[in-house]
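In what follows, a structure is listed as structure tokens, so that the remarks can point back to it.
FYI, the numbering just counts along the sequence from 1. These numbers come from a predicted model, not from an experiment.
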Amino acid sequence: MPSALPDGDPMPEDGSLPSHALEGAGERPLGFYLHVPYCATRCGYCDFNTYTATELRGTGGVLASRENYADTLIDEVRLARKVLGDDPRAVRTVFVGGGTPTLLPAGDLVRMLAAIRDEFGLAEDAEVTTEANPESVNPEYLAELRAGGFNRISFGMQSARQHVLKVLDRTHTPGRPEACVAEARAAGFEHVNLDLIYGTPGESDDDWRASLEAALGAGPDHVSAYALIVEEGTQLARRIRRGEVPMTDDDVHADRYLIADEVMERAGYSWYEVSNWATTEAGRCLHNELYWRGADWWGAGPGAHSHVGGVRWWNVKHPGAYAAALAEGRSPGAGRELLSAEDRRVERILLELRLVDGVPLSLLAPAGLAASRRALADGLLAAAPYEAGRAVLTLRGRLLADAVVRDLVD
């Protein structure tokens, strides 16, 4: 089942924020994340806050149904307008994730976007993205999304090999994600992403190369490639524990990452975050960059997290409890924390070091600065940016990014 929410302070029933949260807001972009918690089936590796029809049966009643979901989420968008008061910012990015957002009718996703446009306005060049399962869309569905204002779409491909998809419990057939790229382009989508996963038990180097070649051959302008993380409590973790499938080790993950970077660089894709490559700067996912750069975003939906001006909060997880709170006129927030200046400094290092332009050395404390000099000597940080006052990961540094970050935040 999905992982637990963090501990925190109680959330006010009306969702109100401390007065300082909106100080200087005009200097920060504002985004919205809309969480759709429904899936047709649960993938064996997934511990996201998602639910199948079977898992919801008898636990949320009508309140947790897909049929009512768009209206419920729109209620939270309206709550956001009340909480943010006279904040004048137009929304710069909208990202609909899940779960499988495209299990809802396209018209529901368009209505959710329209609510944000009506309440806040959208920036003229707003990036509007939805995730999609390859089997849950068709040309007509994609055309309706595009006409409704969506201009970026991300398809979950994971692998081009059937036996790898089977281990992951993915239900789409090989070749379908690539076809979706063509259908999205035909519908007028300006930016298309394919998500890949490497390190699945039973996957070979050749399997991984075949998946990369298939993805790039489809012509997306963005590719995300993530190492498989085996989360406790998932079906895959239980299968590994029983010895049914082998665990992939860190050395294999490193080899697969090197293959990915080599293949994508050769095809004209440049990394801009450790797990993300794009053909152009315009092709980058601006919404994720809001997260990585500590901007403001409102996360609407069960279990969604938000951050505004150093205040972070998260919603109750279950769709039934989420809908009940909004129906009663209460914030669905389950808890929150107020980030100190030190918290925000550390988070900047944690997140921005993963980006292609790294972090300013001026952010580092004395111990972190000393660690950065060791990382430079070890070839984990690039020399030229370091001389210019920035810590930027080399390719080897990207392989060891978590360890480098731990040293630099001291």
Side-chain angles (χ1 to χ4, degrees), residues 1-18 21 31-43 46-84 94-105 108-109 111-113 115-116 119 130-131 231-235 291 296-308 311-338:
M1 291 300 292
S3 55
L5 289 172
D7 294 326
D9 298 324
M11 188 75 178
E13 282 206 351
D14 62 358
S16 58
L17 298 175
F32 261 82
Y33 171 74
L34 309 181
H35 186 65
V36 178
Y38 306 108
C39 282
T41 61
R42 179 171 292 282
C43 298
C46 178
D47 78 333
F48 295 163
N49 189 45
T50 61
Y51 303 84
T52 65
T54 299
E55 290 169 341
L56 283 175
R57 189 171 297 133
T59 64
V62 173
L63 285 174
S65 72
R66 286 189 213 167
E67 290 74 15
N68 299 337
Y69 187 72
D71 291 328
T72 302
L73 190 135
I74 288 169
D75 284 342
E76 188 178 358
V77 172
R78 292 172 178 155
L79 172 67
R81 179 71 279 175
K82 292 178 183 176
V83 170
L84 296 180
V94 179
F95 193 105
V96 187
T100 307
T102 46
L103 284 180
L104 299 183
D108 280 2
L109 301 188
R111 285 200 299 120
M112 289 153 54
L113 174 61
I116 294 173
E119 297 292 338
T130 186
E131 294 179 332
E231 302 284 2
E232 282 302 317
T234 61
Q235 177 63 21
Y291 298 155
D296 290 350
W297 70 90
W298 188 292
H305 288 232
S306 303
H307 171 265
V308 174
V311 183
R312 179 186 293 124
W313 71 94
W314 45 90
N315 286 346
V316 294
K317 293 183 66 173
H318 196 277
Y322 169 77
L326 288 164
E328 294 167 7
R330 296 183 287 109
S331 163
R336 76 179 186 185
E337 59 181 333
L338 307 184

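Rounding to the nearest 0.5 Å gives a distance of 8.0 Å between OH of Tyr322 and CG of Asp75. Note that OG of Ser16 is 10.0 Å distant from CG of Leu79, once rounded to the nearest 0.5 Å. Put simply, CZ on Arg336 and CE on Met11 are 6.0 Å apart, with the number rounded to the nearest 0.5 Å. Here OG of Ser65 is found 6.0 Å from OH of Tyr38. Values are rounded to the nearest 0.5 Å.
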Please report the C-alpha distance between Leu17 and Leu84 in whole Å, then the side-chain angles of each, then the deciding distance to 0.1 Å, and finally whether the side-chain contact (heavy atoms from CB on, under 4.5 Å) criterion is met. CA-CA 8 Å; Leu17 298 175; Leu84 296 180; 4.1 Å; yes
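In this structure the side chain of Arg78 reaches within 4.5 angstrom of the side chain of Ile74, judged on heavy atoms. By the 4.5 Å heavy-atom criterion applied to side chains, Arg81 and Trp298 are not counted as neighbours. Residues Asn315 and His35 are not in side-chain contact: their nearest non-hydrogen atoms beyond the backbone lie 4.5 Å or more apart. Two residues are said to be in side-chain contact when any heavy atoms from C-beta on lie closer than 4.5 Å; Leu34 and Thr130 fail this criterion.
The shortest non-hydrogen separation linking Ala70 to Arg111 is CB-NH2, 3.4 Å. The two residues Arg66 and Asp108 have their closest heavy-atom pair at O-OD2, 4.5 Å. The nearest pair of heavy atoms linking Asp296 to Val308 is OD1-CA, 3.5 Å. Pro302 approaches Tyr69 most closely through the heavy-atom pair CD-OH, 3.1 Å. Between Val311 and Pro18 the shortest heavy-atom distance is CG2-CD, 3.9 Å. Considering every non-hydrogen atom in both Thr72 and Leu326, the closest pair reads O-CD1, 3.5 Å.
Take Glu13 and apply the salt bridge (Lys or Arg N to Asp or Glu O under 4.0 Å) test, not counting sequence neighbours, and it matches no residue.
Under the 3.5 Å distance criterion, the side-chain polar atoms of Trp297 are matched with a main-chain donor or acceptor of His305.
The six-membered or imidazole ring of Tyr291 lies away from that of Tyr33, with a centre-to-centre distance of 6.0 Å or more.
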Pairs under 3.5 angstrom only: tabulate donor-acceptor contacts from the side chains of residues 95-103 to other protein residues two or more places apart or in another chain.
residue: Thr102; atom: OG1; partner: Asn133; partner atom: N; Å: 3.4
residue: Thr102; atom: OG1; partner: Ser136; partner atom: OG; Å: 2.5

Throw together a table of side-chain donor-acceptor distances under 3.5 angstrom for residues 328-335, partners on residues two or more places apart or in other chains.
residue: Glu328; atom: OE1; partner: Arg330; partner atom: NE; Å: 2.9
residue: Glu328; atom: OE1; partner: Arg330; partner atom: NH2; Å: 2.8
residue: Ser331; atom: OG; partner: Gly333; partner atom: N; Å: 3.0

